[in-house]
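All figures in this text were calculated on a predicted structure; none of them were measured in a lab. Sequence lines set the chain letters: A, B, ... in the order given, protein chains first and strands last, and positions in each chain run from 1.
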Amino acid sequence: MEACSEPPLDAKSEVTNQLVDFQWKLGMAVSSDTCRSLKYPYVAVMLKVADHSGQVKTKCFEMTIPQFQNFYRQFKEIAAVIETV
Amino acid sequence: MAAGEFEGGKPLNGLLNALAQDTFHGHPGITEELLRSQLYPEVPPEEFRPFLAKMRGILKSIASADMDFNQLEAFLTAQTKKQGGITSDQAAVISKFWKSHKTKIRESLMNQSRWNSGLRGLSWRVDGKSQSRHSAQIHTPVAIIELELGKYGQESEFLCLEFDEVKVNQILKTLSEVEESISTLISQPN
């Protein structure tokens, strides 16, 4: 993903970050010390985000498949709305 | 140990519930004495302790193997035939308990084994930007997305991101690639 070349100059960039990179992997948890038969797939995401000063931080998180599907569905809604604004 | 003291029914179901809360769902303060006094007040502590350990062990084995109903029946039947095992009434209570709580226990086990942050929530809004003093941009809509992230047992962290339409569509494309991978994975035999 490319960085946005024209960062917005308004006040809210104090609190919000720009997404610089979005990496993902699809993993399968097989087994653990507390559960020998885990067997669940998950989506791991690594975001690189830049704050208003340009400093880049990395944020990682995981989603179960239902969580990912909800995440995807929300983005589709955002896209639908942003198109009409 | 008089088997009759530990017959199945409500106290055992209550015990299994409490054990699940303690072992899987991380509920604090569930002590052996609390359980004995609430559920089996007539049983002396030295008899209750091994019984509790046995039930906890059985529940952990069932959860760890994520037993399906056939495996569960076979496992519980074997337990009833063992020396110092369980009664068939107790087996019936355990079976019923696992069938109704399996999903929730499994979810807790999944959460416990995730050491990264999980996605706890997502909220968003779309702002329509109009011309500003500093910028010549007119009417560029912007999506503000707030992600709520958190590690198991820890407080949430909030991450606020801003996207223009181009970026939203780029992410959508990436997410459709993820979905394709998921479909491929699911369609493959285990």
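- With chain A as the partner, the residue from B/L161, B/D66, B/I145 showing the most heavy-atom pairs under 4.5 Å is B/L161.
- When heavy atoms are compared at a cutoff of 4.5 Å, A/K76 approaches chain B by way of both its backbone and its side chain.
- Side chains of B/E179 and A/F68 form a contact here, defined as non-hydrogen atoms less than 4.5 Å apart.
- For the atom pair CG (B/L109) and OG (A/S32), the distance works out to 7.0 Å, reported to the nearest 0.5 Å.
- By number of non-hydrogen pairs under 4.5 angstrom with chain A, the leading residue of B/A143, B/A63, B/G118, B/S113 is B/S113.
- Looking at B/L159, only its side chain comes within 4.5 Å of chain A, counting heavy atoms on both sides.
- When heavy atoms are compared at a cutoff of 4.5 Å, A/A29 does not approach chain B at all.
- Heavy atoms of other residues, nucleotides or ligands lying less than 6.0 angstrom from CD of B/E73 number more than 12.
- In the displayed structure, B/E107 atom CD is contacted under 6.0 Å by at most 12 heavy atoms of other residues, nucleotides or ligands.
- Ranked by heavy-atom pairs shorter than 4.5 Å toward chain A, the options B/K173, B/K151, B/E177, B/K60 are led by B/E177.
- Shown here for A/E62 and B/R114, the closest heavy-atom pair between the two residues is OE1-CG, 3.2 Å.
- Although no hydrogens or angles enter the test, the distance criterion places a donor-acceptor pair under 3.5 Å between the side chain of B/K167 and the main chain of A/L19.
- Only the side chain of B/E157 comes within less than 4.5 Å of a heavy atom of chain A; its backbone N, CA, C and O stay farther away.
- Here the closest heavy-atom approach between residue A/F75 and residue B/V168 is recorded as O-CG1, 4.3 Å.
- When the candidates B/V178, B/N169, B/V166 are compared by the number of heavy-atom contacts under 4.5 Å with chain A, B/V178 comes out ahead.
- With a 4.5 Å cut-off on non-hydrogen atoms, A/L26 touches chain B through its side chain but not through its backbone.
- Residue contact with chain B, scored on non-hydrogen atoms closer than 4.5 Å, involves the backbone and the side chain of A/I82 alike.
- Heavy-atom pairs under 4.5 Å with chain B were tallied for A/R36, A/K25, A/Q69; the largest tally goes to A/R36.
- In this structure, the separation between CZ on A/R73 and CG on B/L122 is 10.5 Å, given to the nearest 0.5 Å.
- For the options A/M63, A/Q67, A/E83, A/Q74, heavy-atom pairs under 4.5 Å to chain B are most numerous at A/Q74.
- Of the atoms belonging to B/L119, heavy atoms from both backbone and side chain fall under 4.5 Å from chain A.
- Going from atom CZ of B/F163 over to atom CD of A/Q18 covers 8.5 Å, rounded to the nearest 0.5 Å.
- Your options are B/M110, B/E165, B/M67, and the one with the most heavy-atom pairs under 4.5 Å with chain A is B/M110.
- Contact of B/S176 with chain A is made through backbone and side chain together, with heavy-atom distances under 4.5 Å.
- Interface remark: A/Y42 contributes no atoms to any contact with chain B (heavy atom separation under 4.5 Å).
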